[in-house]
Number of protein chains: 2
Amino acid sequence: MASQRGEGETTTTPVEPADRERARAIPEAAVARLAVYLRVLSGMSDQGVTAVSSEELSQAAGVNAAKLRKDLSYIGSYGTRGVGYDVEVLVSHIERILGLTRSHSVAVVGIGNLGHALANYGGFPGRGFPVTALFDVDPDLIGIPVGGIPVNHIDEITEVCLEREVSIGVIATPPPAAQSVCDRLVSAGVQCILNFAPVVLQVPDNVEVRKVDLAVEMQILSFHVARRADEAAGVSAGIDSAGNNGLGVDGMVIRP
Amino acid sequence: MASQRGEGETTTTPVEPADRERARAIPEAAVARLAVYLRVLSGMSDQGVTAVSSEELSQAAGVNAAKLRKDLSYIGSYGTRGVGYDVEVLVSHIERILGLTRSHSVAVVGIGNLGHALANYGGFPGRGFPVTALFDVDPDLIGIPVGGIPVNHIDEITEVCLEREVSIGVIATPPPAAQSVCDRLVSAGVQCILNFAPVVLQVPDNVEVRKVDLAVEMQILSFHVARRADEAAGVSAGIDSAGNNGLGVDGMVIRP
DNA sequence: CCGACTTTGTGCATGCGTTCACAAGCGGTA
DNA sequence: TACCGCTTGTGAACGCATGCACAAAGTCGG
Ligand SMILES: NC(=O)c1ccc[n+]([C@@H]2O[C@H](COP(=O)([O-])OP(=O)(O)OC[C@H]3O[C@@H](n4cnc5c(N)ncnc54)[C@H](O)[C@@H]3O)[C@@H](O)[C@H]2O)c1
Ligand SMILES: NC(=O)c1ccc[n+]([C@@H]2O[C@H](COP(=O)([O-])OP(=O)(O)OC[C@H]3O[C@@H](n4cnc5c(N)ncnc54)[C@H](O)[C@@H]3O)[C@@H](O)[C@H]2O)c1
C-alpha cells in the first residue's frame, strides 16, 4: 500500500460514502494485483492462450483463487461460469480500469547510476509508459542522449514537461535534492511521482507519490532472517547477543 | 506488504498462537515503517539531535503519531512519558529488531543496466548491506570489476555465495532467466531474494521473496490519475472514450 | 430438452491493521 | 512533598482485506 498518502484522506469528503463513488473505490491492494494479473494475462495472450480459469490465473499470479475472483469482481463480471475468462476481454478491461488506454509519458530526473538504467530500460514504452524527458544539473550530461533522449537541464523542467505532457515524474537524484526536484515537478503540473530517493516527500493532496526504497526492502528481508534465526535457536533464553532483554517481550505481557 | 508469500502461512502451526510466538509477530506493515523510522532517526542522530517526541518523529516519517507509537510499542517500551524518546536508544533497538546488528552480504545477479546501478551504488554498505558478489552469464563481463567487485560467472554461484556468506540475493536478469537464477540462489543457501524481474517466483517456504516491480508502480499511479480524471469529469455519463459501459458499475449494483 | 458437471461471483466470518482516546507515568515546579 | 502539565503506551472500536463456502449460471453430453 502507499506510504506517502496518510493525511490526504481525511480532507476528502469526511464521512459520506456516496455509493456512486464507492463503486469506483477499488482497494489499493487489489489495484496492485490487477497490474500483476495484467502482466500475466499479456504473457498468456502472447503465447496464444485465449481462455483461462480463475484457478490457472491465480496460480500464475501467485495468489489465492478466491482473492483473484474478488479482485476481478471489483471491475465487473466478465467471466463465463463453467468456463472461465476470455484473456483478451480481461486484458482490455483491466487496462481500462488502470487508465492504460492512453499512454503516460515519463520524465526521469537525476541521470546518475539509476537514472541511466531507467532511461536505457526498454520495458516501459511497451507497457504504455514512454520515457520522453530526462533532467539533470550536471553540465557534462546536458545534451547527451541517454536511451535516445537528450538530457535537459533541470531549469527547463516546467517548459519541457508541459510541452511533452509528462504525467509521471521519476526522482533519481541524491536525497538532498529530492524535495526540491519534487516541488519543481509539481509546479510543472506533474501529478504522479515515483521516488527512489530515501526521503519522505511533502506534496499537496492532489499529487500521488509512490516510493521505492531498496534499503527498506533489504531491511525487511533482514528482519525475516533474524526472526527465523532465533526461532530456530529457541526463544526461551531471555538474553540475546546484545545483552538486551529479549525483544522487549514485556511490552506484550499483560500486567498482573 | 509482501506479495510472494501467500500459501506459506498455512503450513506453519495451523491454529495455535502460542503467546510466546505472538510476541515476536510484528505486523509486516509495521516492520516496513520501522525501517523508515530508523532512517529518519539516523539522520537526526547525525545532526546531533538526541531526543525526539512521537509527534516530531511521526511528522518526519510521514505517518500518524498514534501509529508510530504503536509500532514502537511492538519492540518494547523505550520512551519516557512526558519527555519522548532518546534517539540513540531507539536506533539501537530498531536495529536489533531488524537484525541489523550483523551485516548481511548481498549478491547481485545480472549485471546489465540495473545491475550496474546497484553495484555502483554506495548507499548499501553504509546501511549494513555490503555487496560482495556479482554474477552474470555474459563472457564479456566476467572478471570485470563493477563498483570494485569483479563479476563472476553464474556457474560459480554456489561456491562464491557460500564462501562469502551471501544472505541476500538480488535478481536483475531478464525475466526468462529469473526463475532459474532464483533456483540457483536457493540451492546456494540464500534465503532472502529481492527480485526486479517482472516474474512471479516460485520458492520453498523457508525463502523470503520481495519484488520491486516498477511497471506495477507506474500502473498504480496511472490508476489514480484516471480515477481523479473522471471524478473531475463527472461520472454521470455512462459511456467512456472506449465505448464501454462506464466502469462496469453494474457489477456493484445489487440486483432487484 | 434435461441433468450432471464446472466455474464464477459474492455474502459472510475472521483476522489484521489503523485510529481514537485516555489512564498511567514522568519531570519540573512551588 | 504535592501538584501540574506533558507524552507515552495501550485497550478498544472501527474499517479494510482475506479466505471460505455455496448458490447462481453457464457448458456439455446424452
Ligand atoms: N543506484 C542505486 O542502485 C540506488 C539504490 C537505492 C537507492 N538509490 C537512490 O536513488 C537516487 C539516485 O541514485 P544514483 O546511484 O543514481 O545516484 P547518482 O549520484 O549516481 O546520480 C544522481 C544524479 O542526480 C543528479 N542531480 C543532483 N542534484 C540534482 C538536481 N537538483 N536536479 C537534477 N539532478 C540532480 C546528479 O548530477 C547525478 O547525475 C539516490 O537518492 C539514491 O539514494 C539508488
Ligand atoms: N533497467 C531498469 O530500469 C529496469 C526497470 C524495471 C525492471 N527492470 C527489470 O530488471 C531486470 C534487469 O533489467 P536490465 O535493464 O538491467 O536488463 P539488461 O538486459 O541490461 O541486463 C540483464 C543482464 O542479465 C544478464 N543475464 C542474462 N541471463 C542471465 C543468467 N541466466 N544469469 C545471470 N545473468 C544473466 C545479461 O547478461 C545482462 O547483463 C529485467 O528483468 C527488467 O525487466 C529493469
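Residue numbers start from 1 in every chain, and the chains themselves are labelled A, B, ... in the order their sequence lines are given, proteins ahead of strands.
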Value in whole Å for how far the C1' atom of dG9(D) lies from CD1 of Ile26(B):
16 Å

Check each of Arg210(B), Arg127(B), Arg39(B) against Asp213(A) using the salt bridge (charged side-chain N to carboxylate O under 4.0 Å, His left out) test, and report the only one that passes.
Arg39(B)

Taking only the side-chain nitrogens and oxygens of Lys67(B), find out if one of them lies under 4.0 Å from OP1 or OP2 of dT19(C).
yes

Using whole Å, what does the distance between atom P of nucleotide dC26(C) and atom CZ of Arg81(B) come to?
7 Å

Take the protein atom CZ of Arg69(B) and the nucleotide atom C1' of dC6(D), then report the distance between them rounded to whole Å.
12 Å

Contact under 4.0 Å: Thr80(B) side-chain N or O vs dC26(C) OP1/OP2
no

Would one find a side-chain N or O of Ser54(B) under 4.0 angstrom from OP1 or OP2 of dT8(D)?
yes

Any Tyr85(A) side-chain nitrogen or oxygen under 4.0 Å from OP1 or OP2 of dG9(C):
yes

Figure out the CD/C1' separation between Glu28(A) and dG17(C), and round it to whole Å.
15 Å

What residues, two or more places apart in sequence or in another chain, satisfy side chain to side chain contact (heavy atoms under 4.5 Å, CB included) together with Ser58(A)?
Glu55(A), Val63(A), Ala65(A), Leu68(A)

Find the distance Asp71(B):CG to dC16(C):C1' and express it as a whole number of Å.
13 Å

Nucleotide nearest Tyr74(A) (side chain, heavy atoms from C-beta), chosen from dA21(C), dG9(D), dT18(D):
dT18(D)

How many whole angstroms separate atom CG of Leu68(B) from atom C1' of dC20(C)?
16 Å

Minimal non-hydrogen separation, Ser167(B) against Cys192(B), with atom names
O-CB, 3.4 Å

Give every donor-acceptor pair under 3.5 Å between a side-chain atom in residues 79-86 of chain B and any protein atom, sequence neighbours left out.
unit_1, atom_1, unit_2, atom_2, d
Asp86(B), OD1, Glu88(B), N, 3.0
Asp86(B), OD1, Val89(B), N, 3.1

To the nearest angstrom, the CD-P distance between Glu55(B) and dT8(D) comes to 9 Å

Measure across Asp71(B) and Ala30(B) and return the closest heavy-atom pair with its distance rounded to 0.1 Å.
OD1-CB, 3.4 Å

Any idea which of dG17(C), dT8(D), dC20(D) is nearest the Ser53(B) side chain?
dT8(D)

Rounded to whole Å, please give me the gap between NE2 in His93(A) and P in dT8(C).
16 Å

Counting just side-chain N and O atoms, does Asn64(A) come under 4.0 Å of either OP1 or OP2 of dA17(D)?
no

